[in-house]
Amino acid sequence: MATREPTDVLLVSPGTTAGWRRADAELAAGFEQLGISVATCTPGYRFARHLRRSVLTTDLAEAAALRRALTNALRRYRPRAIVYSSPQATMLQPRSRLDGSTAVRFDVPAAINRSGFGAGLLHRLERRSLAAVRLLLPVTSESRADARAALPDSTPMVALPIPVELDAAVAADAPREPLALAYAGNPDKKGLDIALEAWGRAAPGGWRLHVTGIEPEQARRFLRRRGIEEPDGVEWAGFVGRDRYLELLSRASAFLAASRYEDYGIAQLEALAAGTPLVTVPSAGPYEALPLARAIDPRMVAVELSGAALAGSLRAAVALTAEDRSRYAERSQELLRPYSRQALVDRLREQVVPVLLG
């Protein structure tokens with residue numbers, strides 16, 4: 001066998017969404033800033049795609065793909081530690097790949113967000129694997145009590161939020177336009193129907209809503225199925241590049257979020273980082289930006305998951321004065337300090353590296 005390439009950390013990444021890829025890239029960059037080498041392995045999912053018919057088959061197919069990806073990676077690399085980017089990545093790994101210098105990142109464990117047929121099997125596989133690893137790394141600023149209660153209490157836990165830092169060109173005090181921004185990559189999950197109902201009820205004349213992440217025809221088909229007419233002032237931006245998206249965010253006077261379920265909410269955290277008022281529903285899930293938005297201005301957090309309630313919060317955002325917006329931006333920056341890249345590096349250096357590589 002050829003000599004394997006040494007690396008400090010082998011990162012096992014599902015890489016199935018843009019948010020996941022970004023989170024893993026930030027984690028790798030944090031390690032590398034400390035002089036720790038990182039190699040990443042990601043499966044192709046060519047076969048696994050055909051098995052995504054239910055939560056059970058999806059998780060097991062991805063777990064199998066990730067086991068194969070790690071098998072191939074270990075033929076090339078000789079890591080000192082293995083970091084898995086999801087519990088699914090560990091579920092079918094042999095015990096020898098879980099013991100020792102291993103860690104698992106997660107937003108919500110399967111024990112909390114997997115239910116229905118086959119959930120019991122997923123819960124058992126997750127608990128078996130997570131009891132064997134050395135460190136749990138929830139993707140949050142502070143560990144959630146419900147996650148701690150659902151996971152093996154013998155495994156240490158270190159919270160590692162995804163850094164949210166924008167380009168210096170996105171100034172929180174930049175002049176704003178009568179423009180709102182929304183993201184609807186998955187229109188049902190992201191609540192596009194709820195957002196547009198709120199927009200139709202509350203948007204004043206002259207305001208525009210730019211919807212990104214979805215092509216116009218796909219969005220209109222979704223709205224027709226829900227029996228919703230497209231309101232005035234909506235502009236379908238489609239899939240936009242990063243620079244274009246940040247330009248829209250820096251010009252917007254509000255970010256409209258109506259997710260039925262939010263895994264983390266990077267887009268909402270970026271809105272806060274840009275000083276753009278976040279108008280949101282109280283989405284289910286580990287919605288990281290929700291308590292921050294409530295702390296900054298609870299009027300812009302709807303009391304329930306509905307277009308009518310969200311419309312009331314949108315009206316509150318429209319009524320903000322320049323002085324209100326300045327205070328909002330200042331408070332946002334204050335609350336986002338734990339989400340800096342330096343904060344991530346500090347936690348890695350002080351709490352993660354000594355356990356994994358010390």
In terms of heavy-atom contacts, A258 and A195 come closest through CB-N, 3.8 Å
Go through the steps for R299 and R315 under the test side-chain contact (heavy atoms from CB on, under 4.5 Å), then give the verdict.
-> CA-CA 9 Å; R299 296 174 301 168; R315 292 188 189 99; over 6 Å; no
Under the side-chain contact (heavy atoms from CB on, under 4.5 Å) criterion, do S86 and E62 qualify, and how do the steps go?
-> CA-CA 10 Å; S86 75; E62 293 188 357; over 6 Å; no
Donor on one side chain, acceptor on other, Q342 and S340, under 3.5 Å | no
Please name the pair of heavy atoms, one in A132 and one in R95, separated by the smallest distance, quoted to 0.1 Å.
-> CB-CZ, 3.7 Å
Shortest non-hydrogen contact from G185 toward K190 | N-CG, 4.1 Å
Return yes if some donor-acceptor pair links the side-chain N/O of W20 with the main-chain N/O of S85 below 3.5 Å, else return no.
-> yes
Sidechain-backbone polar pair: Y84 side chain, F106 backbone, donor-acceptor under 3.5 Å | no
Where G213 and F239 come nearest, the two heavy atoms and their spacing | O-CE2, 3.1 Å
Value for CZ (R341) from CD (E165), rounded to nearest 0.5 Å, stands at 5.0 Å
R68, CZ: over 12 other non-hydrogen atoms inside 6.0 angstrom = no
Donor-acceptor pair, R78 side chain versus E5 backbone, under 3.5 Å?
-> no
Where do L292 and Y339 land on the side-chain contact (heavy atoms from CB on, under 4.5 Å) test, with the steps shown first?
-> CA-CA 12 Å; L292 306 183; Y339 299 86; 4.0 Å; yes
Might you work through the salt bridge (Lys or Arg N to Asp or Glu O under 4.0 Å) test for E330 and R327, ending with a clear yes or no?
-> CA-CA 5 Å; E330 288 177 7; R327 283 198 297 267; over 6 Å; no
Any idea which heavy atoms bring P43 and A65 closest together, and the distance?
-> CB-O, 3.6 Å
Check: E177 main-chain N/O paired with S253 side-chain donor or acceptor under 3.5 Å | yes
Donor-acceptor contact present, side-chain R226 to main-chain D193, <3.5 Å = no
Taking R105 for the side chain and V139 for the main chain, is one N or O donor matched with an acceptor at less than 3.5 Å?
-> no
Short question: side chain of R134, backbone of T102 - any donor-acceptor pair under 3.5 Å?
-> no
Least distance between heavy atoms, P187 atom then F222 atom = O-CZ, 3.6 Å
Does the side chain of L74 come within less than 4.5 Å of P79's, by heavy atoms?
-> yes
Determine, for D24 against R21, whether the closest basic-nitrogen to carboxylate-oxygen distance falls under 4.0 angstrom.
-> no
Please round to the nearest 0.5 Å and tell me the distance separating atom CG of L179 and atom CG of L209.
-> 8.0 Å
Under the 3.5 angstrom rule, does the side chain of R128 hit a backbone N or O of M91 as a donor-acceptor pair?
-> yes
Do side-chain atoms of S326 reach the backbone of A322 as a donor and acceptor pair under 3.5 angstrom?
-> no
D188 and R225 ion-paired at < 4.0 Å = no
Is the side chain of T42 donor-acceptor paired with the backbone N or O of S13 at a distance under 3.5 Å, no angle test?
-> yes
Any side-chain heavy atom of Q93 within less than 4.5 Å of one from R67?
-> yes
Close side-chain approach of L181 and T276, heavy atoms under 4.5 Å = no
Stepwise side-chain contact (heavy atoms from CB on, under 4.5 Å) test for L10 and R97 = CA-CA 11 Å; L10 181 57; R97 296 181 189 171; over 6 Å; no
